[in-house]
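Report on the structure given below.
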Amino acid sequence: MSSQSQQDVEEIIDRSYEFGFVTDIESESAPPGLNEDVIRLISTKKNEPEFLLEWRLRAYRHWLKMREPKWAHVHYPPVDFDAISYYSAPKSLKDGPKSLDEVDPELLNTYEKLGIPLHERARLAGVAVDAVFDSVSVATTFKEKLSEAGVIFCPISEAIQTHPELVKKYLGSVVPYTDNFYATLNSAVFSDGSFVYIPKGVRCPMELSTYFRINAANTGQFERTLIIADEGSYVSYLEGCTAPMRDENQLHAAVVELVALDNAEIKYSTVQNWYPGDENGKGGIYNFVTKRGACLGKHSKISWTQVETGSAITWKYPSVILRGDHSIGEFYSVALTNNFQQADTGTKMLHLGKNTRSTIISKGISAGKSQNTYRGLVRTGAGAENARNFTQCDSLLIGDRCGAHTFPYIESRQPSAVIEHEATTSRIAEDQLFLCQQRGIDAEKAVSMIVNGFCKEVFNQLPMEFAVEAHKLLEVSLENAVG
Amino acid sequence: MLEIHDLHVTVDDKPILKGLNLTIQAGEVHAIMGPNGSGKSTLSNVLAGREDYEITSGTIKYKGHDLAELSIEERAQQGLFLAFQYPVEIPGLSNIQFLKASLNSIRESRGEGPLDAIDFLQLTKEKIKQVHLDESFLHRSVNTGFSGGEKKRNEILQMLLLEPSLAILDETDSGLDIDALKVVATGINALRSENRSFLLVTHYQRLLDHIEPDFVHVLADGQIAKSGNKELALELEQQGYGWITQAAKDNSQTSTQSYSVKL
């Protein structure tokens with residue numbers, strides 16, 4: 001290692017000491033269950049300003065009056081919220097497996113199939129090896145380039161210390177702490193997440209990815225992300241990773257808030273591949289996420305692209321509030337369920353400003369005994385003159401034991417609004433499969449080709465390298481989908 | 001090449017083929033004609049290995065293999081090709097990607113390496129000219145939005161590219177205008193060779209104006225009711241199928257009777 005990068009690494013390590021985050025609180029964790037003392041503990045440990053503690057407490061008090069939503073088309077045993085420990089110091093790498101030999105071979109097998117480089121496999125599996133240092137130094141160069149452009153990209157816990165005025169202004173401005181059961185819980189107890197601020201007129205010089213975020217490991221089950229694009233700025237943010245991550249928490253309730261001011265554009269892409277449970281439906285992550293963007297400024301644009309293949313249960317509706325005149329909201333989604341997975345996902349496009357436009361392209365693929373639901377709301381308010389929406393929502397069934405469901409909600413209070421909805425449901429036609437096989441292509445490859453074709457419109461929206469990975473991911477997720 | 005002996009096939013427990021015999025030698029072109037419902041498409045599908053077609057008795061030998069033992073893709077890899085009567089659409093999958101996956105799967109099964117991208121593109125461009133399709137069709141989704149004639153030409157393109165040993169063309173002539181028919185026929189004639197065989201399944205004689213078969217068979221009530229040379233096709237064109245199908249029915253009734261007598 002060169003002395004320069006050695007120095008960088010030391011700098012990073014020093015920095016994490018600076019905020020008292022990793023080492024000095026390592027041994028502490030709160031007892032299971034939630035009360036005001038636990039919230040005070042979280043806030044104190046993170047050295048948070050008073051306003052944030054107050055906000056967390058208001059959220060907690062509100063949460064006590066709320067009930068878990070039951071309207072989603074998913075079934076699971078009740079979550080025992082008293083059994084969860086809401087604060088534990090982030091685990092150090094030392095708690096992870098010592099070498100790849102200690103990692104679940106099934107997981108390694110998947111990494112192999114996804115073509116993930118060897119040193120990356122160790123990092124993803126949480127192995128405490130020196131290889132981690134490499135990614136730290138990559139991250140450092142990355143950070144320098146960003147700060148030259150004036151972009152702030154850091155853990156939200158760090159932003160709370162360094163840019164409290166931005167956090168205070170925008171946290172909860174898109175997803176208020178009263179929003180819904182899981183978002184409210186998140187507001188009370190959120191652990192960490194990403195913070196991004198793009199200054200006026202800046203086009204972020206590279207795609208931002210959690211992958212390169214220092215301290216990204218163990219952000220925990222209540223992740224909170226806030227992205228602000230100031231006037232005339234642009235950012236593309238990539239969340240997640242095609243590789244399944246080691247994670248011991250079953251319940252995940254994250255919140256993501258996006259704010260786009262005048263003429264700003266945010267492109268947010270997700271590939272979600274958490275553990276879906278085994279082929280008998282045991283285990284797996286419950287992913288109850290609230291993602292919402294606000295196009296506050298005129299001519300602003302927010303675009304969500306998601307590829308969802310993981311989790312036992314997914315409950316997720318990345319939405320856009322189109323407040324600024326001429327603002328644009330987009331939602332491109334591929335949700336694939338196999339075995340016993342359940343997904344209830346879709347979007348909300350809330351048109352408030354004049355001449356606002358939204359596009360929804362949703363592709364649901366169900367295989368095995370899974371259930372896949374699209375749920376979408378398009379609403380045009382009284383002031384949304386000439387608002388336009390186009391929705392296309394296609395479902396593909398593989399086999400005859402799975403289900404696909406579509407629940408579109410349309411509410412229009414503006415007579416000049418134009419809302420179009422198209423929906424199709426098809427089975428991977430035996431004819432298509434037969435054609436491929438008759439041309440010498442084996443059934444598994446044929447299914448993957450047909451499914452990838454079905455998802456093409458969404459994959460086209462993904463950044464290039466992500467699209468290639470998504471392709472492979474579908475292939476792996478569909479293994480054994482045809483008998 | 002192909003030897004079918006006393007083949008009985010049911011679909012949904014309904015007998016369709018009832019003791020069919022047919023032998024095709026390398027280099028021969030056979031035409032199977034017959035009225036609707038006589039079992040022509042069943043024969044094509046059962047040879048290609050489609051599910052839901054159950055062989056209840058009889059044997060099919062293809063290049064010395066028991067065909068029933070081979071999977072659909074293994075048959076294809078062994079050079080058995082079916083041009084579909086109704087080619088399906090696969091939205092989002094580009095034609096060129098599909099052709100490449102197909103050709104390379106077949107090459108791989110023969111232990112040949114995949115064709116590199118440049119060679120493949122060159123080969124494909126050369127073949128697509130022969131079926132008078134624009135190169136833009138390579139980048140469109142498989143059959144999606146193609147006209148009936150374009151779909152059939154696309155089938156012939158696949159055949160030219162894969163160079164099968166036995167090509168079965170299931171009513172490839174149906175729904176074609178005369179120009180498309182000529183293109184299809186030219187494609188087939190271009191591939192005729194002493195080690196390649198064809199089975200043309202057709203309802204009408206007109207395809208045979210452009211492709212001269214070595215043998216013509218009439219399929220009626222699940223059996224080959226009559227075989228002959230190309231003159232037979234002309235005879236059918238003039239007289240229809242009535243005289244043969246009636247004879248076939250009488251024949252099967254006779255055999256039922258003699259069976260009950262034996263009991």
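What you are looking at is a predicted structure, and each value in this text was computed from that prediction instead of being measured. A note on names: the letters A, B, ... follow the listed sequences, proteins ahead of strands, and every chain is numbered from 1.
- The nearest pair of heavy atoms linking A:Met449 to B:Ala101 is SD-CB, 3.7 Å.
- B:Ala76 and A:Gly440 make their closest contact through CB-N, 3.4 Å (heavy atoms, listed as atom of the first residue, atom of the second, distance).
- No side-chain heavy atom of B:Glu51 sits less than 4.5 Å from a side-chain heavy atom of A:Phe434.
- The closest side-chain heavy-atom distance from B:Leu93 to A:Gln432 is not below 4.5 Å.
- At a 4.5 Å heavy-atom cutoff, B:Leu99 makes no contact with chain A through either its backbone or its side chain.
- A distance of 11.0 Å separates OG of B:Ser105 from CD of A:Gln437, quoted to the nearest 0.5 Å.
- Residue B:Asp177 qualifies as enclosed at atom CG: its count of foreign heavy atoms under 6.0 Å is above 12.
- Contacts with chain A were tallied for B:Leu82, B:Leu80, B:Ile106; B:Leu82 has the most, counting heavy-atom pairs under 4.5 Å.
- At most 12 heavy atoms of other shown residues, nucleotides or ligands fall within 6.0 angstrom of atom CG in B:Asp12.
- Proximity to chain A (any heavy atom under 4.5 Å) is shown, for B:Tyr86, by neither the backbone nor the side chain.
- At most 12 heavy atoms of other shown residues, nucleotides or ligands fall within 6.0 angstrom of atom CZ in A:Arg357.
- Sparse packing is recorded around CD of B:Glu108, with 12 or fewer heavy atoms of other residues, nucleotides or ligands lying under 6.0 Å away.
- Enclosure of atom NE2 in B:His5 is not indicated, since only 12 or fewer non-hydrogen atoms of other residues, nucleotides or ligands lie within 6.0 angstrom.
- Heavy atoms of A:Cys455 lying under 4.5 Å from chain B are absent altogether.
- Heavy atoms from other residues, nucleotides or ligands lying under 6.0 Å from CD of B:Glu194 number 12 at most.
- In this structure, B:Glu89 and A:Leu435 have side chains that are not in contact, with every pair of non-hydrogen atoms separated by 4.5 Å or more.
- Within the 4.5 Å cutoff, the side chain of A:Arg439 has heavy atoms near those of the B:Gln158 side chain.
- Here the straight-line distance linking atom OG of B:Ser102 with atom NZ of A:Lys445 works out to 9.5 Å at 0.5 Å rounding.
- Annotation: side chain of B:Glu73 is not in contact with side chain of A:Ile441 (no heavy-atom distance under 4.5 Å).
- To the nearest 0.5 Å, the span separating CG on A:Asp431 from CD1 on B:Ile90 amounts to 10.0 Å.
- Other residues, nucleotides and ligands contribute only 12 or fewer heavy atoms inside 6.0 Å of the CZ atom of A:Arg388.
- For the set B:Val88, B:Leu103, B:Asn143, the count of heavy-atom pairs under 4.5 angstrom toward chain A peaks at B:Val88.
- Within the 4.5 angstrom heavy-atom criterion, no atom of B:Arg75 approaches chain A.
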